[in-house]
Amino acid sequence: MINITLPDGSVKQFPEGVTSHEIALSISEGLARNVLAAKVNDTVWDSNRPITEDAKVQLLTWNDDLGKNAFWHSSAHLLAEALEEVFPGIKFGIGPPVENGFYYDVDLGDRTFSQDDFAKVEQKMLELARNKSEFKRREVSKAEAEKYFTEKGDEYKLDLIKDLEDGSITFYEQGNFVDLCRGPHIPNTGFIKAAKLMNVAGAYWRGDESKKQLTRIYGVTFPKQKELTEYLERLEEAKKRDHRKLGKEMELFAFSEKVGMGLPLWLPKGTLLRERLEQFMRKAQVKAGYQPVVTPHIASKELYVTSGHYEKYGADSFQPIKTPNEGEEFFLKPMNCPHHCEIYKTRPRSYKELPVRLAEFGTVYRYEQSGELHGLTRVRGFTQDDAHIFCRPDQVKEEFIKVIDLVLYVFKALGFEDYTAQISLRDPDNKAKYIGSDEAWEKAESAIIEAAAEKGLTTVTELGEAAFYGPKLDFMVRDALGRKWQLGTIQVDYNLPERFQLEYIGADNAKHRPVMIHRAPFGSLERFVAVLIEHCGGNFPLWLSPEQFSILPISEKYHDFAQQVYDLLAEMDIRGFVDNRDEKIGRKIRDAEVRKVPYMLIVGEKEQEENAVSVRRHGEGDLGSMKVDAFIQLFQSKITEILNN
RNA sequence: GCCUCCAUAGCUCAGCUGGUAGAGCAACUGACUUGUAAUCAGUAGGUCGUUGGUUCGAUUCCGACUGGGGGCUCCA
């Protein structure tokens with residue numbers, strides 16, 4: 001008998017060779033039906049693999065990420081089996097589970113695979129799933145493995161086997177399909193009740209551009225048809241919120257072939273939104289002791305030679321702007337830091353005036369690969385809400401805390417409630433690849449950790465993720481659909497102060513090197529607006545909304561009164577418009593609803609008599625009639641509610 | 001950049017296997033003067049992304065270019 005420890009700490013005795021399926025069965029039959037795999041002493045095992053020693057066992061179902069992984073990994077094998085039946089002679093690369101499903105990389109030879117083939121393969125998958133073929137694990141020798149795939153003629157699997165150690169190789173077999181695989185897998189294919197292929201894409205063998213490009217087939221499967229339906233509905237919802245679609249519909253921004261790819265044009269309404277965000281940040285920054293600066297969009301090559309960016313990015317970036325003077329070259333600025341360093345250097349600095357915080361909404365240009373461009377989230381010209389803090393080493397922690405406060409204030413005002421912070425530290429085993437002294441790094445790293453802890457942030461720490469020039473803290477927010485986005489960033493930089501020979505005179509009358517902190521709570525206005533659009537589905541917070549109200553006169557007779565109300569609201573800095581088209585009120589309401597206007601103010605005979613407006617809130621409906629003053633008060637209270645705490 | 005799919009009116013899209021195009025919405029004109037999610041009628045609008053080729057003939061087939069979507073890191 002062996003002892004099995006379950007997650008609740010209880011210990012049960014089972015005969016040697018018990019499987020986790022049998023353990024589940026001893027708890028309940030329903031559980032046994034749902035167990036996909038099991039974590040046995042920190043390794044995930046097949047649920048039908050015999051356990052021969054005392055072990056800690058955690059049963060995994062569809063509700064566990066690891067359970068899903070096993071499920072989707074098994075689905076990849078099922079896909080491969082189906083593909084092999086449909087396309088005999090097909091060769092296979094790798095087929096892992098991913099965040100939402102799985103894929104398999106295949107080499108189809110001369111054949112092609114397109115959306116038209118999806119249905120056929122999906123059907124074949126379900127047909128094979130119904131056979132309830134068991135996933136059978138088998139340990140094989142390296143020679144045996146090589147023999148099998150040599151005979152099959154699959155050079156990709158042979159390439160994989162080459163790097164594996166003899167004795168550690170396993171095969172999995174289900175139905176007529178055998179794959180080189182470490183596992184684990186679900187008990188049999190019958191668990192897979194719904195399958196959908198999502199898309200095809202090219203992917204280099206082993207991610208190496210010089211190797212052959214395979215066809216990557218993405219799919220997703222579920223243990224219930226209903227879950228597939230729900231998943232597809234979620235995708236639909238995400239599509240509806242796509243910032244590229246809403247940006248066009250709401251006339252926020254546009255692209256033009258003539259202007260060039262990745263270069264967004266901000267339309268009037270989008271500009272209003274963007275300027276509101278800038279205004280908001282400016283105000284918060286002034287309060288936090290930042291000094292706004294402005295720097296040019298181009299700079300002499302020398303600046304980037306000094307900063308080191310020329311050497312690192314020069315060849316892959318926008319190429320220099322030449323002048324009539326021979327040898328004179330200017331670059332579009334790809335970042336603001338070097339300019340700010342030069343501002344810092346305009347005069348000697350005393351320790352007493354540090355920290356110096358220089359802020360700029362700096363528009364920068366980076367030549368991103370054409371395939372990397374995506375809506376507003378990845379563009380070639382964008383504006384950072386940039387600032388650089390030059391401070392003494394002993395001020396790093398305090399400055400970090402202040403920046404975190406600022407970032408949290410921004411998130412709160414914009415309705416991002418679910419966020420985590422990632423602390424990126426250097427790789428402790430490879431300190432040589434980082435610039436800056438050991439002492440400085442340790443100080444800065446502990447300053448970041450302490451600052452994050454003091455602010456009560458939920459953090460993930462990643463070793464080796466720091467930039468070569470310093471550790472950093474990144475904020476990841478989760479939007480309304482649960483998708484993760486990286487927004488604000490705070491980075492310590494030891495590199496530029498060194499390269500630019502920045503210094504300050506300390507109390508000891510000696511020269512010291514300041515620490516530079518680079519931070520951007522939004523990241524870039526473009527990216528932030530994109531994330532914001534998707535987060536709120538185009539229903540912006542009231543204070544940001546480009547059109548905060550629309551006045552809808554019942555008929556032409558009330559146009560004058562409508563204009564009076566409009567003037568009053570405009571006076572109070574409330575933005576909106578009068579819809580004086582020759583349309584019925586129902587039509588005007590519908591159009592305003594579609595345009596996502598937060599407040600609709602209906603004016604007719606009654607309202608005119610009482611100097612009132614009938615208020616309708618977007619998505620909520622009629623709020624009844626109120627005096628114009630009362631509406632202004634209601635409106636302003638809604639705004640201060642968000643911005644002042 | 002590479003793979004793959006795509007490109008028709010301002011927008012969303014239809015147009016079977018080659019014979020120069022159609023709908024809805026928007027726009028414009030007129031009628032209606034309207035009470036909480038689409039009033040009715042009419043008008044106008046397209047070198048079918050650009051450019052070569054095949055063909056008697058190309059929006060349709062082939063190539064190139066431009067732009068767009070998806071993917072190119074996550075252990076067999």
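In what follows, every chain begins at residue 1, and chains take the letters A, B, ... in the order their sequences are listed.
Distance noted for atom C1' between B/rA21 and B/rC32: 35 Å (whole Å). For B/rG71 and B/rC11, the P atoms lie 24 Å apart once the distance is rounded to whole Å. Comparing B/rA41 with B/rC5, their C1' atoms sit 43 Å apart, to the nearest whole Å. Distance check on atom P: B/rG46 versus B/rU4 gives 36 Å, rounded to whole Å. Here the separation of B/rA7 from B/rA64, taken at their C1' atoms, is 16 Å to the nearest Å. Separating the C1' atom of B/rA38 from that of B/rU34 is a span of 14 Å, rounded to the nearest Å. Comparing B/rU17 with B/rC62, their P atoms sit 12 Å apart, to the nearest whole Å. Comparing B/rG22 with B/rC6, their P atoms sit 25 Å apart, to the nearest whole Å.
Residue A/Lys557 places at least one side-chain N or O closer than 4.0 Å to OP1 or OP2 of B/rU34. For B/rU33, neither phosphate oxygen OP1 nor OP2 lies less than 4.0 angstrom from any side-chain nitrogen or oxygen of A/His559. Put simply, A/Tyr218 has a side-chain N or O that comes within less than 4.0 Å of OP1 or OP2 on B/rC72. Here A/Arg581 does not reach the OP1 or OP2 of B/rA26: none of its side-chain N or O atoms lies under 4.0 Å away.
Residue A/Tyr204 places its side chain closer to B/rC2 than to any other of B/rU34, B/rC2, B/rA37. Considering only side-chain atoms of A/Met261, the nucleotide from B/rC2, B/rG67, B/rU34 that sits closest is B/rG67. Set against B/rC72, B/rA37, B/rG35, the side chain of A/Ile554 has B/rG35 as its closest nucleotide.
For A/Lys638, the NZ atom sits in a loose shell: 12 or fewer heavy atoms of surrounding residues, nucleotides or ligands are nearer than 6.0 Å. More than 12 non-hydrogen atoms from other residues, nucleotides or ligands lie less than 6.0 angstrom from CG of A/Asn100.
Between the side chain of A/Glu257 and the base of B/rU66 there is no donor-acceptor pair of N/O atoms closer than 3.5 Å. A donor and an acceptor atom sit less than 3.5 Å apart, one in the side chain of A/Arg616 and one in the base of B/rA37. No N or O donor and acceptor, one from the side chain of A/Arg587 and one from the base of B/rA38, sit under 3.5 Å apart. Contact annotation: side chain of A/Arg182 to base of B/rC75, donor-acceptor pair present below 3.5 Å.
Ring geometry for A/Tyr156 against A/Trp205 counts as perpendicular: the plane angle is over 60°, on a 0 to 90° scale with 30° as the lower cut. Between A/Phe631 and A/Tyr599, the two ring planes are perpendicular [angle over 60°; tilted spans 30° to 60°].
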Find every protein N or O atom lying less than 3.5 Å from an N or O atom of nucleotides 8-12 of chain B, and list the pairs.
{"residue": "B/rU12", "atom": "OP1", "partner": "A/Lys248", "partner atom": "NZ", "Å": "3.2"}

Can you list the steps and then say if A/Phe635 with A/Phe549 is a ring-ring contact (aromatic ring centres under 6.0 Å, His included)? CA-CA 10 Å; A/Phe635 186 94; A/Phe549 68 86; 7.6 Å; no
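Counting only N and O atoms by type, the side chains of A/Gln319 and A/Ser317 include no donor and acceptor under 3.5 Å apart. For the 3.5 Å distance criterion, the side chains of A/Asp474 and A/Thr489 qualify, holding a donor opposite an acceptor. Between the side chains of A/Tyr104 and A/Asp179, at least one donor N or O lies within less than 3.5 Å of an accepting N or O.
Between the C1' atom of B/rG70 and the NE2 atom of A/His374 lies a distance of 10 Å, rounded to the nearest Å. Rounded to whole angstrom, the span from the CD atom of A/Glu583 across to the C1' atom of B/rA26 amounts to 12 Å. Counting to the nearest Å, the P atom of B/rC75 and the OH atom of A/Tyr104 are 12 Å from each other. One can place CG of A/Asp582 at 14 Å from C1' of B/rC28, the figure rounded to the nearest angstrom. Counting to the nearest Å, the C1' atom of B/rA26 and the CZ atom of A/Arg595 are 12 Å from each other. As a whole-Å value, the separation of A/Leu66 CG from B/rC74 C1' is 14 Å. When the P atom of B/rG35 is taken as reference, atom CG of A/Asp622 falls 14 Å away, rounded to whole Å. What separates OH of A/Tyr172 from P of B/rC75 is a distance of 15 Å, to the nearest Å.
When each of A/Tyr558 and A/Leu164 is assigned the nucleotide of RNA chain B bearing its nearest heavy atom, the one mapping closer to the 5' terminus is A/Tyr558. For A/Glu605 and A/Gly371, each mapped to the nucleotide of RNA chain B holding its nearest heavy atom, the one lying further toward the 5' end belongs to A/Gly371.
Looking at heavy-atom distances under 4.0 Å, A/Lys157 makes contact with sugar-phosphate atoms alone, never a base. A/Gly604 comes within 4.0 angstrom of a nucleotide base, judged by non-hydrogen atoms across all strands. Using a 4.0 Å heavy-atom criterion, one finds that A/Ile589 contacts the bases of the nucleic acid, with or without backbone contacts as well. Looking at heavy-atom distances under 4.0 Å, A/Ser614 makes contact with a base. A/Ile94 comes within contact range of the sugar-phosphate backbone alone, with a heavy-atom separation under 4.0 Å but no base atom that close. Nucleic acid contact for A/Tyr103: sugar-phosphate only, since backbone atoms but no base atoms lie under 4.0 Å from a heavy atom of the residue. No contact: A/Glu620 has no heavy atom under 4.0 Å from any strand.
Searching all strands for a Watson-Crick or G-U wobble partner of B/rC13 with both distances below 3.5 Å returns B/rG22. Base pairing of B/rA64 is made with B/rU50, judged by Watson-Crick or G-U wobble geometry with both donor-acceptor distances under 3.5 Å. Pair check for B/rU43 finds B/rA27; Watson-Crick or G-U wobble, both atom distances under 3.5 Å. With a 3.5 Å ceiling on both atom-pair distances, the Watson-Crick or G-U wobble partner of B/rC2 is B/rG71.
A donor-acceptor pair is defined here as one N or O able to donate and one able to accept, closer than 3.5 Å; such a pair exists between the side chain of A/Lys588 and the backbone of A/Arg581.
Residue A/Lys136 holds its NZ atom at 10.0 Å from CD of A/Gln174, rounded to the nearest 0.5 Å.
Look at A/Lys627 and A/Asp629 and you find no salt bridge, because none of the NZ, NE, NH1 or NH2 atoms lies under 4.0 Å from a carboxylate O.
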